[in-house]
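The figures here come from the full heavy-atom set of this structure, side chains too, leaving out hydrogens, waters and symmetry mates.
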Amino acid sequence: MKYLKFLSVGIFFGILLVKSEAVSWFRIFEMFRFESFHMYGIIGSAVALGAIGIALIKKFKLKDLSGQAIEIPSKAKNYTSAIIGGSIFGLGWALAGACPGPMYVLVGTGAVSMFVVIGAALLGTFVYGLLRDKLPH
Amino acid sequence: MDFILDPWPWYVSGPLFALVMLSLTFFGKNFGMSSNLRTLCAIGGAGKWASFFKFDIKAQKWNLVVVLGAVIGGYLGSHFLQNQPDIAISASTVEALQQMGFQNPGASILPPELFSLDALGEPKTWAILIIGGFLVGFGTRYAGGCTSGHAISGLSNLQVPSLVAVIGFFIGGLIMTHLILPQLF
């Protein structure tokens with residue numbers, strides 16, 4: 001039962017990705033052509049509200065459901081991998097139109113082809129794992 | 001009911017994405033979807049090949065449950081909570097896609113030219129889906145996160161590496177959309 005809350009968040013996340021149209025290849029294509037405010041509005045307002053939420057959590061030292069102090073980890077300061085890896089991801093995002101959340105949501109909408117994308121994404125992650133020590137970070 | 005069945009505008013959707021991220025924070029977790037790819041590799045036995053995949057899989061189970069929920073949510077959202085599958089992309093985007101040979105841009109969530117079962121009869125479709133997926137899987141892990149982990153969680157936490165990663169997302173996305181995709185279609 002302790003996983004029920006995660007299942008609920010997941011279901012809500014899936015519905016939200018469909019209803020916001022952020023799962024649509026068309027919306028991603030449109031975003032990278034700067035022809036609509038839609039995706040920028042979504043990400044911008046999510047970050048603005050998220051930043052206020054995180055700031056309040058830190059200011060009031062809020063606790064999580066289990067009563068432990070909430071710790072929000074900092075991202076590793078690997079700027080080289082952030083820019084190179086980010087660019088590689090961007091190429092794939094604009095090509096397949098799906099990032100690692102929507103690819104599962106799209107399976108739920110009935111897009112069978114997404115299994116090919118997910119399989120290839122697993123392979124990509126696996127190859128990164130193999131090459132990790134040889135890549136600049 | 002129309003306010004639920006019609007597409008949700010950005011000023012409704014955006015804050016709800018923040019709510020998803022903050023809910024997971026209050027559950028003691030961090031919002032980030034690309035980690036699941038690493039977990040799935042580890043479950044598949046990738047730890048035999050690289051130490052990167054040797055970690056406590058059980059601690060990541062909650063995130064796989066989020067994935068399961070996302071699949072269910074995708075089914076519910078598209079089958080029961082949608083008036084029409086149309087995506088209201090701008091007229092100029094429609095025109096650009098028509099010039100590239102897409103028949104009805106925005107008439108469905110995904111372009112059938114790339115994602116329908118018929119399209120899987122073309123080797124070119126397989127190449128696009130496999131290369132696209134591979135770049136997503138490789139790139140997110142190399143960058144240390146994706147749209148959820150870097151763009152939403154990371155930027156909300158004012159992380160400079162996340163800002164650098166998001167700039168990377170756009171470098172790659174702009175190159176693909178403006179320089180490579182027009183060559184493919």
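Looking at B:M176 and A:F29, their side chains never come closer than 4.5 Å, going by heavy atoms from C-beta outward.
Proximity to chain A is limited to the backbone of B:I4, based on heavy atoms less than 4.5 angstrom apart. In this structure, chain A has a heavy atom under 4.5 Å from the backbone of B:D6, while its side chain stays farther away. In this structure, the portions of A:E30 lying under 4.5 Å from any heavy atom of chain B include both its backbone and its side chain. For B:A42, no part lies near chain A; criterion is any non-hydrogen pair under 4.5 Å. For B:F31, the part lying under 4.5 angstrom from a heavy atom of chain A is the side chain only. For B:I130, the parts lying under 4.5 angstrom from a heavy atom of chain A are both the backbone and the side chain. With a 4.5 Å cut-off on non-hydrogen atoms, B:L22 touches chain A through its side chain but not through its backbone. In this structure, the portion of B:F52 lying under 4.5 Å from any heavy atom of chain A is its side chain and not its backbone. Of the atoms belonging to A:A76, it is backbone heavy atoms, and not side-chain ones, that fall under 4.5 Å from chain B. Of the two parts of A:L17, the backbone and the side chain both hold a non-hydrogen atom closer than 4.5 Å to a non-hydrogen atom of chain B. With a 4.5 angstrom heavy-atom cutoff, A:V47 touches chain B via backbone and side-chain atoms both.
The backbone N or O of B:S13 lies less than 3.5 Å from no partner atom in the side chain of A:S20, so there is not a single donor-acceptor pair.
Proximity of the aromatic rings of A:W93 and B:F170 is defined here by a centroid distance below 6.0 angstrom, and this criterion is not met.
Using cut-offs of 30° and 60° for the angle between ring planes, the B:W62 and A:F6 rings count as tilted. The aromatic rings of B:W8 and A:F12 sit tilted relative to each other, their planes meeting at an angle between 30° and 60°.
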Pair A:Y128-B:R38, side chain to side chain contact (heavy atoms under 4.5 Å, CB included): steps then yes or no: CA-CA 10 Å; A:Y128 168 75; B:R38 183 187 181 197; over 6 Å; no
Test side chain to side chain contact (heavy atoms under 4.5 Å, CB included) applied to B:V20 and A:V9, step by step: CA-CA 7 Å; B:V20 167; A:V9 170; 3.9 Å; yes
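Of the listed residues (B:I87, B:V66, B:I171, B:L155), the greatest number of heavy-atom pairs within a distance under 4.5 Å of chain A belongs to B:I87. When each of B:A50, B:S90, B:G77 is checked for heavy-atom pairs under 4.5 Å with chain A, B:S90 comes out on top.
Atom CG of B:L158 sits about 14.0 Å away from atom NZ of A:K75, to the nearest 0.5 Å.
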